[in-house]
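Everything on this sheet refers to the single structure shown next.
The structure presented is a predicted model; accordingly, all values stated were derived computationally and were not measured.
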Amino acid sequence: MNPYLILPLFALFINLWLFTYVLALKGKHRVVHLYLLYSGALSLWIISIILYWSFLPFHWMTWVFKISSISWLLVGPLFLEFVFAFLSKNPNIVLYLLRGLALAIFPITLTTDWIIAGVERKYWGDMLIQGPLYVYGINLLTVSPPVYAIFLLIFESRKEEIGFRKQCYLLAFGTFLSSVLGFLTTVLPRILSKGDLHYPPLSGSVSVIQSACVFIAIAKYGFLEIRLEKIALQLYAKLREGVILLSASDDLLYWNESAKEMLGFPKITSTPEKLDLGKFLEGFTRRPFSRMDFKRKFSETKKVSSEEDMLPYSDSVYLEVSKSEIPISGRDLGRVYVLRDITEKKEASERINMLYSRVIRDLDIAREVQNTITTRDFPSSDKFKIFSYFRPYDRVGGDVLNCSESADGSLEILFADVSGHGISSAMVAAMASISFNVFSRKGNKPKEGLLFTNDLLSSVVTQHFISAVFLRYNPNTRILEYSYAGHHAGLLLRDGETLDLQGKGGVLLAVGTPILEDFQIQLRPGDRVLLYSDGLFEVRGSKGIPMGNSTLVEAVKKLSYQDSDSLIRSLVSYSESFGDGIMTDDLTLFCLEITG
């Protein structure tokens, strides 16, 4: 055996191992596909070198050299195409030109002696005799693509994040090293010795250094599918929803921390090999289902401790469980369970149902409820003042004015108007107030509070709609965040001007999920934010013509010089006088005055 074959055989082993490893992962990214094409062409080149150095019958070798030249003609352009894809760079004229030249030079090599003029046998094997265009061709297709690729890797990656930039530098280093070794042992000796070689050429064998650097780059930057699976598991680990993956025989393959916490699994206990969800969830079934609600076992109910709150709370934990089958390996199927904690929603629904049944019994209870859903005593501060006015159309009404103060001192206000009036509207208003109490003080965005109310009441309320405004004001930053749900615009009174508080959004309970948006504005000392229900401007004059919102806004502009308390009372008087003292709906006003 020719001892010089050890080097190309070793290079072929390394390159084929990397090629097979990447191919087995079945990565679907274009970068991976181009690496496989480049690595395959490089393997063919190294196999060609093994044939050159195997002392095959001499009369075969000219055609062996000519036919196998396609491998080294394509390696350079394929690597450059890989670099373009790795950098997410569109192909340019240089790449198109090199592609065309590689395909054009191959038939020239086969049919003429311009590239390969013949073969000469050396002590390490056979060596081609170069034709007049050989040096130009190899410089153009084997030397210039790596040089251009190094330039792109260094300069195109300067503005990228540090992790990607490191992989680009690794690629540039591997390309530079293999190109220099190949040039010094193959191209330069031919130039200096007028086409002759005195030592074995290493250009094909040392290219495996470049291939190894490419493999490291695509593996570390996550182009391989196995890397994406690791990223997916890291993502599942950070989800608030519980994720559990079981085999068909209940072997526990994966679960995240949220799943352990929701099931009440002790943190100090080691992970079990099998997991039977029936031991943790009451009524859990193995029968097919897509989504069901379950109560967690081993929970206790606590009785009412407050005389003011007539509805019970419990320590029970309720979980919504979604289930789907997923292929694991071969024909084996596993089951994925996604757990969501719906305890607050469940408790709120139970409280709403109990409230609904109580209020419907008699109007006296409805009146008591009306008092509980309308905030009378507002938080006090040297940074703001709050003024309000509430008067139901009947003994009870459908307007909601609820205000709470979070731990950081922020105010959360729900200003809502239920369609209609009377006891049915009061019941819906009470439900909306309860959903506000459940959601408030969490520091979430106003839009999320309105969507929470819509989701909570949509399965219970079918005959009413709700227009609402949800506000969140931070006295420290003076930033007012708000979201509209079908309600007319509030007013901003600033420096003697009356401006609309811009924004809009869909009505609650009208469609499945209304389209809502969050808005915010920077307030200043002296600013006043005024909200009012439509009962203020829907009054009709002596000729039956309604006042309208625009007429009311003009009245606000004329009366805005008054202090907040006087302004509210003047607007009520103005509305009453316009309608000859006959009100047609609930009447609610709210004013937030910024004092510091």
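One finds the OG atom of S564 at 3.5 Å from the CD atom of E593 (value rounded to the nearest 0.5 Å). Atoms CZ and CG, on F436 and N402 in that order, are 5.0 Å from each other to the nearest 0.5 Å. Atoms CG and NE2, on L508 and H464 in that order, are 14.0 Å from each other to the nearest 0.5 Å. In this structure, F452 CZ and L457 CG are separated by 9.0 Å, a value rounded to the nearest 0.5 Å. Taken to the nearest 0.5 Å, the CD atom of E448 stands 5.0 Å off from the CZ atom of F439. Taking CG from L509 and OG from S419, the interatomic distance works out to 8.5 Å, rounded to the nearest 0.5 Å.
The shortest distance between side-chain heavy atoms of K385 and F378 does not fall below 4.5 Å. With contacts defined as side-chain heavy-atom distances shorter than 4.5 Å, the pair D251/E273 does not qualify. Two residues are said to be in side-chain contact when any heavy atoms from C-beta on lie closer than 4.5 Å; I244 and N256 fail this criterion. Between S433 and L414 there is no side-chain heavy-atom pair separated by less than 4.5 Å. Annotation: side chain of F578 is not in contact with side chain of R540 (no heavy-atom distance under 4.5 Å). Using a 4.5 Å heavy-atom cutoff, the side chains of Y318 and S316 are in contact. Here the side chains of F415 and T588 are in contact, with some heavy-atom distance below 4.5 Å. The side-chain heavy atoms of L471 and L411, taken from C-beta on, include no pair separated by under 4.5 Å.
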Sequence neighbours excluded and cut-off under 3.5 Å, please list the side-chain donor-acceptor pairs for residues 517-524, or say none.
unit_1, atom_1, unit_2, atom_2, d
D518, OD1, K447, N, 2.8
Q522, NE2, T477, O, 2.7
Q522, NE2, R478, O, 3.3
R524, NH2, D495, OD2, 3.1

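For T551, there are no side-chain hydrogen bond (donor to acceptor under 3.5 Å, both in side chains) partners at least two apart in sequence or on another chain. Residues satisfying the salt bridge (Lys or Arg N to Asp or Glu O under 4.0 Å) test with D382, not counting sequence neighbours, are none. Under the ring pair (Phe, Tyr, Trp, His ring centres under 6.0 Å) criterion, F384 pairs with no residue, sequence neighbours left out.
Among all heavy-atom pairs drawn from S435 and T453, the shortest one is OG-OG1, 2.9 Å. Across all non-hydrogen atoms, the minimal contact from A85 to R30 is CB-NH1, 3.3 Å. For the residue pair L450 and A485, the shortest heavy atom distance occurs at CD1-CB, 3.9 Å. Taking every heavy atom of both residues into account, Y484 and A489 meet most closely at OH-CA, 3.5 Å. Contact between T513 and N454 at its shortest, heavy atoms only, is CA-ND2, 4.3 Å. The two atoms that bring S388 and I568 nearest to each other are N-CD1, 4.0 Å, heavy atoms only.
A donor-acceptor pair under 3.5 Å is formed between the side chain of D341 and the backbone N or O of T343. Side chain of R165 to backbone of E160: a donor-acceptor contact under 3.5 angstrom is found. Under a 3.5 Å cut-off, the side chain of R528 and the backbone N or O of L492 do not form any donor-acceptor pair. A donor-acceptor distance shorter than 3.5 angstrom exists from the side chain of S560 to the backbone of K557, with no hydrogens or angles considered. For the pair K297 (side chain) and G278 (backbone), a donor-acceptor distance under 3.5 Å is present. Judged purely by atom type and a 3.5 angstrom limit, Y482 uses its side chain to pair as donor or acceptor with the backbone of Q502.
Classified by interplanar angle (parallel below 30°, tilted 30° to 60°, perpendicular above 60°), the ring pair H488/F537 is perpendicular.
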List the steps, then state whether side-chain contact (heavy atoms from CB on, under 4.5 Å) holds for I594 with V529.
CA-CA 9 Å; I594 311 304; V529 175; 5.9 Å; no
E241 and S258: side chain to side chain donor-acceptor pair (under 3.5 Å), yes or no, with the steps?
CA-CA 6 Å; E241 288 82 4; S258 296; over 6 Å; no
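One finds a salt bridge joining D527 and R494 here, because a Lys/Arg side-chain nitrogen approaches an Asp/Glu carboxylate oxygen to under 4.0 Å. With respect to K260 and E257, a salt bridge is recorded, a charged nitrogen being found less than 4.0 Å from a carboxylate O. The existence of a salt bridge linking R351 and E344 is excluded, since no basic side-chain nitrogen approaches an acidic carboxylate oxygen closer than 4.0 Å. Between E156 and K89 there is a salt bridge, since at least one side-chain N of the basic residue sits less than 4.0 Å from a carboxylate O of the acidic one. The pair E320-R340 meets the salt-bridge criterion, since a charged nitrogen lies less than 4.0 angstrom from a carboxylate oxygen. One finds no salt bridge joining E325 and R335 here, because no Lys/Arg side-chain nitrogen approaches an Asp/Glu carboxylate oxygen to under 4.0 Å.
Within the structure, the salt bridge (Lys or Arg N to Asp or Glu O under 4.0 Å) test picks out the following pairs touching residues 559-575 (sequence neighbours left out): D565-R569. For residues 453-466, the salt bridge (Lys or Arg N to Asp or Glu O under 4.0 Å) pairs, not counting sequence neighbours, are K345-D455.
In summary, the side chains of E405 and S410 do not present any donor paired with an acceptor at a separation below 3.5 Å, with no hydrogens or angles considered.
The side-chain hydrogen bond (donor to acceptor under 3.5 Å, both in side chains) with S533 is formed by just one residue from the set D417, D399, D586; it is D399.
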